[in-house]
Number of protein chains: 2
Amino acid sequence: MKAEPVKDEDESKGRRLKGGDAQKLTMAEVAKYVGVSAMTVSRAFRQDASVSEETRKRIMEAVDALGYVLDLSAGSLSSRRSGFIAALVPSINNSNFSDTARGITDALENTGLQLLLGYTDYSAEKEEKLIEAMLRRRPEGIILTGGSHTDRARRMLDKAGIPVVETWEIPEEPINHVVGFSNSEAMSLLVRALASQGYRRFGYIGGTTARDTRGSQRRSGFLKTVEELGLGPGRAISFGVPPITMEQGGQAVVSLLERWPDTEVVLCVSDLSAFGAIMECKRRGMRVPEDIAIAGFGDYEISSICYPSITTINVDCYGIGRQAAARLLDALQDGGEASADEITLTGYRVVLRESTERGAR
Amino acid sequence: MKAEPVKDEDESKGRRLKGGDAQKLTMAEVAKYVGVSAMTVSRAFRQDASVSEETRKRIMEAVDALGYVLDLSAGSLSSRRSGFIAALVPSINNSNFSDTARGITDALENTGLQLLLGYTDYSAEKEEKLIEAMLRRRPEGIILTGGSHTDRARRMLDKAGIPVVETWEIPEEPINHVVGFSNSEAMSLLVRALASQGYRRFGYIGGTTARDTRGSQRRSGFLKTVEELGLGPGRAISFGVPPITMEQGGQAVVSLLERWPDTEVVLCVSDLSAFGAIMECKRRGMRVPEDIAIAGFGDYEISSICYPSITTINVDCYGIGRQAAARLLDALQDGGEASADEITLTGYRVVLRESTERGAR
DNA sequence: GGGCAAGATGATATCGATAACAATCTGAAG
DNA sequence: CTTCAGATTGTTATCGATATCATCTTGCCC
């Protein structure tokens, strides 16, 4: 794309030495080399700025030749735009959240904004620390998972004066923007779908701890709906601290079936625990769904591949990311007043699969 | 930990307005508020700096009261330390790499360094772009996955004068530090382990594309070893572009068995494709391992949970991250001369599980 | 009491780019 | 030929913290 000057040999020799020559290469030096002012070099780096094609070309050749790399940390100080947005997710090792992160990254492409990602490990304290660490870098916006934050975190976010997007649920007291869905209603939908297939004795695997508010909401949605359908009380057991692993899902289903052996169908807080539960059942010689039906939540890739494939709630994880980033970008353009305090609802749907197939029974 | 002043009501009201009051809160203002110089405030934020306990306490109270948040972008300009390191991984939605990322993050805790993570989607071009984007923020070090980079990327890294760690494999021409293992030898080890159990007719699923060098190395390790054992030629088929998904693993095993119906054991480039292959086999009524044995690579969580559990190579993903970060930290302290160009080998081991159990045959 | 080290604090220059405004040039319209 | 808009480039001040050096205490030792 750029003009290719001489691919000189000496560019690549003697470089193992740390920081030899480039350490102090600055825009001013590029400018001197080309014979223009630093300001013109600065302009050449931006598409919109008015620099003649001819000058830009010469500058870019010099940049290539010298191996200059723009220094954003200097630029962001004077322009007062850090050029990145922060996002916090509970865990990166979770394909639901990494899909969301991917959605954010994709939406940010070509905006000149970069994503700074952090993971909170489902802990509000860690989240608070991370928020502070992020704010110290003056992000232009921040995307959070969930609506449960420490007081100090809320204060810092308020003070920061940047758009905030809470995702993946619908907080009772939103800070600013929201892109999410009701975990409780989604789980309720799944219960009703299964009840309408004839299931009556429902079990549930998943915690209640404050650490995972989405999990708690799913649980309460489950209990409420089972009650409403006159099938209560629901048989729910908790297990470990979030996130519940596949292995814990396996242990949990065993406890649940020991306690309530006649359970017909078990709903799990996520597909991961559902997968663990199914595999443990098969290992113990039970048939799924003939002996016990099992469903998950989240529609992870594993659930469509697994045999039996797993009934679940499909959540638009990637879309949550994209839309959260879009809301942020809007807010940054509009000055942030326009769409604030509106809630963007994202879709979800029941996906019925083999793990709850009724005919087989 | 810090003194808790008055939790005043008015701190939290009227904050929905974007950027109201805090927009311009600066260290100088905190200093004026306390009655010291800005420099003293700056010192109070660092543990090592010499400030009297009494003064630090007053400053921190003021910081709390005013809601001041340190601005690192300003600080890094003058101190010439950006305070973060960059890491590039092929994919965040892959628990092997997210374990590595976790290892890095953990190793960085309490060093004052932050991780800036990017994902290359297995593309060298995307990697080049990302490296440039990262270098613009002047990271103090950078961790890469693999040893295959574009020329321009190498030049930029050379020029940058910061420690570089390549991970997850052993590059032919290392840039600087290396923390990894031989994917080829690891796969070879797995072949030998299975051969010594009596398996003779080996199949392989996984690509050869330049995109995934680790995958290619595993493949060539497979082919070479099968040959060496006098069991060749190995039956290898490629499928799609990396990363091979679970679903593609399922499709691939079908093609492979159509082409070479008498295959006894199939090795896959990763546990994910192995899982897909196993599930597809079960769906088609084949028994694993009785009718066909299948093994993976990477020891993902899924492999120990799955029924049948999956034979695989366990890789110390988390350790790769920790050690890469440790090498970086060392280099930053020593001035980088000490350990450069040494290769840190990380461990791997064969994990035999149900999916290749021989007795059942 | 003098001298001096260690501790605490302040004053000033500076990091490297960009905002804001000024200056210059070009060409077209009048 | 003059004028003026628009394009191009330059000059200077500045973003907000920190490095560096200077200053001022305090206390201890001989």
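Values reported hereafter were calculated over all heavy atoms of this structure, with side chains retained and with hydrogens, waters and symmetry mates removed. Per chain, numbering begins at 1; letters A, B, ... match sequence-line order.
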Roughly how many Å is it from [atom1] in [X] to [atom2] in [N], rounded to a whole number?
X	N	atom1	atom2	result
B:Glu53	C:dT9	CD	C1'	15 Å
B:Leu66	D:dG16	CG	C1'	16 Å
A:Arg81	C:dT18	CZ	C1'	12 Å
B:Phe45	D:dA17	CZ	C1'	11 Å
A:Met27	D:dT12	CE	P	19 Å
A:Ile59	D:dT8	CD1	C1'	11 Å
B:Glu29	D:dG16	CD	C1'	11 Å
B:Leu72	D:dG16	CG	C1'	11 Å

[X] and [Y]: side-chain donor and acceptor closer than 3.5 Å?
X	Y	value
B:Ser73	B:Asp71	yes
A:Thr344	A:Arg327	yes
B:Ser37	B:Thr40	yes

Has [X] got a side-chain N or O lying under 4.0 Å from the OP1 or OP2 atom of [N]?
X	N	answer
B:Ser52	C:dT9	yes
B:Thr26	D:dG16	no
B:Ser78	C:dC15	no
B:Ser37	C:dA11	no

- Task: Run the salt-bridge test on B:Glu132 and B:Arg136 with the 4.0 Å N-O cut-off and return the result as yes or no.
- Result: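 Yes, this pair counts.
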
Starting the side chain at C-beta, find the nucleotide from [options] nearest to [X].
X	options	value
A:Ala74	D:dG10, C:dG16, D:dT18	C:dG16
A:Met39	C:dA19, C:dA8, D:dA19	C:dA19
A:Leu77	C:dG10, C:dA17, D:dG16	D:dG16
A:Arg46	C:dA17, C:dA19, D:dA17	C:dA19

- Item | Heavy-atom pair of closest approach, residues A:His149 and A:Ile175 |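 Taking every non-hydrogen atom into account, CD2-CD1, 3.7 Å.
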
- Item | Position toward the 5' end of DNA chain C (nearest nucleotide), B:Arg43 or A:Tyr68 |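 Nearest nucleotide further toward 5': that of B:Arg43.
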
- Query: Closest nucleotide of DNA chain C for B:Arg138 versus for B:Ser50: which of these residues is on the 5' side?
  - Reply: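 It is B:Ser50 whose nearest nucleotide is closer to the 5' end.
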
- Between B:Ser79 and B:Ser73, which is nearer to the 5' end of DNA chain D once each is assigned its nearest nucleotide?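 The residue mapped nearer the 5' terminus is B:Ser73.
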
- Message: Considering every strand and a 4.0 Å limit on heavy-atom distances, what is the contact class for B:Val36: base, sugar-phosphate, or nothing?
- Response: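 Answer is sugar-phosphate: B:Val36 comes under 4.0 Å of backbone atoms only.
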
